[in-house]
Amino acid sequence: QVQLVESGGGLVQAGGSLRLSCAASGRTFSTYAMAWPRQAPGRGREGVACISMGDGSTFYRNVAKGRFTISRDNANHTTYLQMNSLKVEDTAVYYCAADHIGSVTAGCISAGGSGMDYWGKGTLVTVSS
């Protein structure tokens, strides 16, 4: 069993930055692929960023490329999402999710988190104009 707790959300002006953190319990954290899906008000869930275990391959939604960076610290069981140059349309609840199948592909983005084994409760990011 893995428990995920997100933090770091909040209110920020457009153009600003936030770093989301996801603290994971469980000794097998390093074997899991991690992802940050999001859900904006009135919209469906969408994948934002994913990272594999092992080689740490990363995948991003097109609108996040060049602005967001996903990373992981296996020693501290934490996954991060650094978000720069935030836009109003980035406003959403951001979730942390884990998949026991440690390797992910670009399909992780299009899946929007579907199939992930564990989920956090989410952290709200609000970007104002």
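The first residue of the sequence shown is numbered 1, and numbering continues consecutively from there.
Closest approach of Met116 to Ala35, counting heavy atoms only: CE-CB, 3.6 Å. The two atoms that bring Thr91 and Ala40 nearest to each other are O-CB, 3.5 Å, heavy atoms only. Residues Ala33 and Arg72 share a closest heavy-atom pair of CA-NH1, 4.1 Å. Between Leu18 and Val125 the shortest heavy-atom distance is CD1-CG1, 3.8 Å. Closest approach of Ser25 and Val2 over heavy atoms only: O-CG1, 3.6 Å. A pairwise comparison of heavy atoms in Gly113 and Arg45 identifies C-NH2, 4.1 Å as the closest pair.
Atom CG in Leu86 sits 5.0 Å away from atom CZ in Phe68 (nearest 0.5 Å). The CE atom of Met53 lies 13.0 Å from the CE atom of Met34; values are rounded to the nearest 0.5 Å. The CG atom of Leu20 sits 4.5 Å away from atom CH2 of Trp36, with the distance rounded to the nearest 0.5 Å. With values rounded to the nearest 0.5 angstrom, Ser103 atom OG is found 6.5 Å from Asp55 atom CG. Taken from OG in Ser129 to NZ in Lys87, the straight-line distance is 14.5 Å, to the nearest 0.5 Å.
By the 4.5 Å heavy-atom criterion applied to side chains, Arg67 and Asp90 are counted as neighbours. Between Cys50 and Ile109, the closest side-chain pair of non-hydrogen atoms falls below 4.5 Å. Counting heavy atoms from C-beta on, the side chains of Tyr94 and Met83 come closer than 4.5 Å. You'll find the side chain of Val5 stays beyond 4.5 Å of the side chain of Gln3, heavy atoms only. Looking only at side-chain heavy atoms (C-beta outward), Tyr118 and Gln1 come within less than 4.5 Å of each other. Val63 is not listed as a side-chain neighbour of Glu89, based on a closest heavy-atom distance of 4.5 Å or more.
By the criterion of side-chain heavy atoms lying less than 4.5 angstrom apart, applied directly or through intervening Ile, Leu, Val, Met, Phe, Trp or Tyr residues, Leu4 is grouped together with Ile70 in one hydrophobic cluster. Val93 and Trp119 end up in the same hydrophobic cluster when Ile, Leu, Val, Met, Phe, Trp and Tyr side chains are linked at under 4.5 Å. A continuous path of ILVMFWY side-chain contacts below 4.5 Å connects Ile51 to Tyr32, so both sit in one hydrophobic cluster. The hydrophobic clustering, which links ILVMFWY residues whose side-chain heavy atoms are closer than 4.5 Å, places Tyr95 and Val48 apart.
In this view, Phe29 and His77 satisfy the ring pair (Phe, Tyr, Trp, His ring centres under 6.0 Å) rule, not counting sequence neighbours.
Gln13 contributes no side-chain N or O that, together with a main-chain N or O of Ser128, makes up a donor-acceptor pair within less than 3.5 Å.
A salt bridge links Glu46 and Arg38; the closest N-O separation between the charged side-chain nitrogens and carboxylate oxygens is under 4.0 Å.
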